[in-house]
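Below is one structure, written out as structure tokens, with a few remarks after it.
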Amino acid sequence: MSQRTMYRKSAMHKNYSIMDSEIIKLLVFYILPFIVINALIFFLATVRPKYEVSIGQTNDYRSTVVTFSIKSYLPLKEVTITMNAEPLDLVRTGKRTYQATITNNGILDIYMKNFNGMSLSEYEVINILDDGAPELVSYSADEGILTLTVKDTQSGIDYANLYATTATGETVSPLSIDKENGVVVFELDPSGLTVSIKDLSGNEYLPSFSVIKGTEADGSVAASADQVLIQ
């Protein structure tokens, strides 16, 4: 190989090395920083608030604990949390973690806004508490015997405290209770009965029954739709 050919190859190799070095410098000091900075700017301008909500179990169907954790990367400008349109009383339990005791079912509304202006508005449904009275499924009367079918799908019927009162205020205990089928039997007083049906959370339903004479040979029974809730 001639000396001239070797010189040309050496010069070409040197030129390629210089070009490679310039390209690497361009990538490292200009293009990559440009991409990273613009990606960071885009992220900071568009990132939305983040949170986690945990709804605890309930042992008595009267209350539960809601845990709210802030997961946002950016500082928050505004946070509003309401339960059924009322401000929620949150207690701080850790770094960016808060808790509140809930005593009613309803809608938990969450509004958060970052310092970059991005916001979110979401809601959580809480329906594990028993804040409704038991249900009177059906009733019938035959020869002075009042038969009720009751149910409560959450805490359950408080059969131990089922009773009725007459128009004169006398307390009447059930003749029989079938807990499996929710059937309760009372002797129907001629003046009528008001039955106290409670669930294990303390909610109460007070239907009133009376005999309407003269419509049938053995009379017929009417029940009021009045309902009393005891929280």
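When reading the values below, keep in mind they use all heavy atoms of this one structure, side chains included, and skip hydrogens, waters and symmetry mates.
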Taking all atoms of both residues into account, what is the closest heavy-atom pair of [X] and [Y], and its distance?
| X | Y | answer |
| --- | --- | --- |
| Ser196 | Leu162 | O-CD2, 3.2 Å |
| Lys50 | Met112 | O-CE, 3.7 Å |
| Gly106 | Asn84 | CA-OD1, 3.1 Å |
| Arg62 | Leu200 | NH2-O, 3.7 Å |
| Pro49 | Leu120 | O-CD2, 3.0 Å |
| Val66 | Ile102 | CG2-CG1, 3.4 Å |

Non-hydrogen side-chain atoms of Tyr205 and Leu136 separated by less than 4.5 Å: yes

Is there a side-chain contact between Val150 and Asp152, using heavy atoms and a 4.5 Å cut-off? no

Residue [X] excluded, over 12 heavy atoms near [atom1] under 6.0 Å:
| X | atom1 | answer |
| --- | --- | --- |
| Tyr123 | OH | no |
| Asn59 | CG | no |
| Asp60 | CG | yes |
| Glu187 | CD | no |

Test side chain to side chain donor-acceptor pair (under 3.5 Å) applied to Glu122 and Tyr51, step by step: CA-CA 10 Å; Glu122 298 179 354; Tyr51 72 92; 2.6 Å; yes

Side chain to side chain contact (heavy atoms under 4.5 Å, CB included) assessment of Ser119 paired with Lys77: CA-CA 9 Å; Ser119 63; Lys77 185 178 181 179; over 6 Å; no

Step by step, would you call Tyr98 with Ile70 a side chain to side chain contact (heavy atoms under 4.5 Å, CB included)? CA-CA 9 Å; Tyr98 304 84; Ile70 298 173; 4.1 Å; yes

Exercise answer: donor-acceptor pairs, residues 167-177 side-chain atoms, under 3.5 Å, sequence neighbours excluded:
unit_1, atom_1, unit_2, atom_2, d
Thr168, OG1, Thr166, OG1, 2.9

Given the options Leu108, Ile81, Thr67, Val53 meets side chain to side chain contact (heavy atoms under 4.5 Å, CB included) only with Leu108

Show the numbers, then the answer: is there a side chain to side chain contact (heavy atoms under 4.5 Å, CB included) between Ile128 and Thr64? CA-CA 8 Å; Ile128 64 172; Thr64 187; 3.9 Å; yes

We want to know whether Ser201 and Asn203 form a side-chain donor-acceptor pair, criterion being a heavy-atom distance below 3.5 angstrom. no

Which is it for Val183 and Leu148 under the side chain to side chain contact (heavy atoms under 4.5 Å, CB included) test, yes or no, and what are the steps along the way? CA-CA 6 Å; Val183 177; Leu148 312 177; over 6 Å; no

Gln154 side chain to Tyr61 main-chain N or O, any donor-acceptor pair under 3.5 Å? no

Take the angle between the ring planes of Tyr139 and Phe209 and call it parallel below 30°, perpendicular above 60°, tilted in between. perpendicular

